[in-house]
Number of protein chains: 2
Amino acid sequence: MIGLDKRKYEELARISKALAHATRLYIIHKLDEQEYCVKELTEMIGADISTVSKHLTILKNAGIIIDEKRGNCVYYKLQCRCVLLMFDCLTNVIDSNKNKMNAI
Amino acid sequence: MIGLDKRKYEELARISKALAHATRLYIIHKLDEQEYCVKELTEMIGADISTVSKHLTILKNAGIIIDEKRGNCVYYKLQCRCVLLMFDCLTNVIDSNKNKMNAI
DNA sequence: TGCCTATTTGGGCAAACCGCCAAATAGAGT
DNA sequence: ACTCTATTTGGCGGTTTGCCCAAATAGGCA
């Protein structure tokens, strides 16, 4: 895997890694419903607020969500709903696995 | 994030993590063209064969690829092409990021 | 200015990941 | 049985992740 190829797959992996965490997938799913601020997400998730803030930073750096400061809070929302394809992909793989299991 | 929800997102993340590596994305892309054995993939990738074998194991455990021993070699192929949605998803995100950058 | 709430940043610690090497295993072919 | 090739497994060192806590920062509002 050389040159252009390598860079291309590293770029894909960079985004991919940002998606590879249960909490971050949950955040994406929530932000698909509506925008939320850090505090609201923290309450839903039930982790330390600094932890949630870091997850949000990772998603933001990957260009998956964007933030907007309004009043006292920072609101996050999806930058592009195209990321929801991810859920279809993952769900398909899981369903496919289940079917294989049952077929045995 | 409690109970069922938590388990659901952890399951999604489990698959997602298997996808979150440049070499593994490359392997998936290659196996979409045709099946390959470990040695062939190793030559294309240019890493130690044990490293490649481990990547393949990770993908196999996630139910993304399957192996089949034939003759002297172990051949791997995609279990379900649905995983290719992943590339659409990642590519969309990357393109979307580029567009935002250019718009500035 | 000073206080208060919301958020981010830095650090420490444990766990997971990655790559290589060396050794073990599996099976084909002689 | 022996040899040779292909693959997997075990393990070590280095890097990255993820979590919490504590401290720093930012901005609204009296």
Task: Salt-bridge contact A:Lys8-A:Glu11 (side-chain N to carboxylate O under 4.0 Å) - done: no

Task: Atom pair distance, as rounded to whole Å: CD1 in B:Ile58 and C1' in D:dT7 - done: 16 Å

Task: Candidates C:dC20, C:dT7, D:dT8 - which lies nearest the side chain of B:Ala47 - done: C:dC20

- [ ] Answer whether the closest heavy-atom distance between the side chains of A:Tyr26 and A:His21 falls below 4.5 Å.
- [x] no

Open item on the list: With a 4.5 Å cut-off on side-chain heavy atoms, are B:Glu10 and B:Arg14 touching?
Closed with: no

In residues 71-85 of chain B, what donor-acceptor pairs under 3.5 Å come from side-chain atoms, sequence neighbours left out?
unit_1: B:Arg81; atom_1: NE; unit_2: B:Asp32; atom_2: OD1; d: 2.8
unit_1: B:Arg81; atom_1: NH2; unit_2: B:Asp32; atom_2: OD1; d: 2.9
unit_1: B:Arg81; atom_1: NH2; unit_2: B:Asp32; atom_2: OD2; d: 3.4

Task: N or O in side chain of B:His55 less than 4.0 angstrom from C:dC17 OP1/OP2 - done: no

Open item on the list: Measure CG/A:Leu56 against P/D:dC19 and give the value in whole Å, please.
Closed with: 12 Å

Grab the N/O contacts between the protein and nucleotides 21-30 of chain D below 3.5 Å, and write none if there aren't any.
unit_1: D:dC21; atom_1: N4; unit_2: A:Ser50; atom_2: OG; d: 2.7

Open item on the list: Nearest whole Å is fine: how far is C:dT7 C1' from A:Asp67 CG?
Closed with: 11 Å

Task: Spacing of B:Lys17 atom NZ relative to C:dC17 atom C1', expressed in whole Å - done: 11 Å

Task: Near-strand residues of residues 20-38 of chain B, defined as heavy-atom separation under 4.0 angstrom from DNA chain D - done: B:Cys37, B:Val38

Task: side chain to side chain donor-acceptor pair (under 3.5 Å) involving A:Lys69 - partner list, sequence neighbours excluded - done: none

Expected list for residues 50-57 of chain A: side-chain donor-acceptor pairs under 3.5 angstrom, two or more places apart:
unit_1: A:Ser50; atom_1: OG; unit_2: A:Asp48; atom_2: OD1; d: 2.7
unit_1: A:His55; atom_1: ND1; unit_2: A:Arg24; atom_2: NH1; d: 3.0
unit_1: A:Thr57; atom_1: OG1; unit_2: A:Ser53; atom_2: O; d: 2.9

What does the list of N/O pairs under 3.5 Å between the protein and nucleotides 13-15 of chain C look like, with a distance for each?
none

Task: Sugar-phosphate only, base, or nothing, as touched by A:Tyr76 at under 4.0 Å among non-hydrogen atoms - done: sugar-phosphate

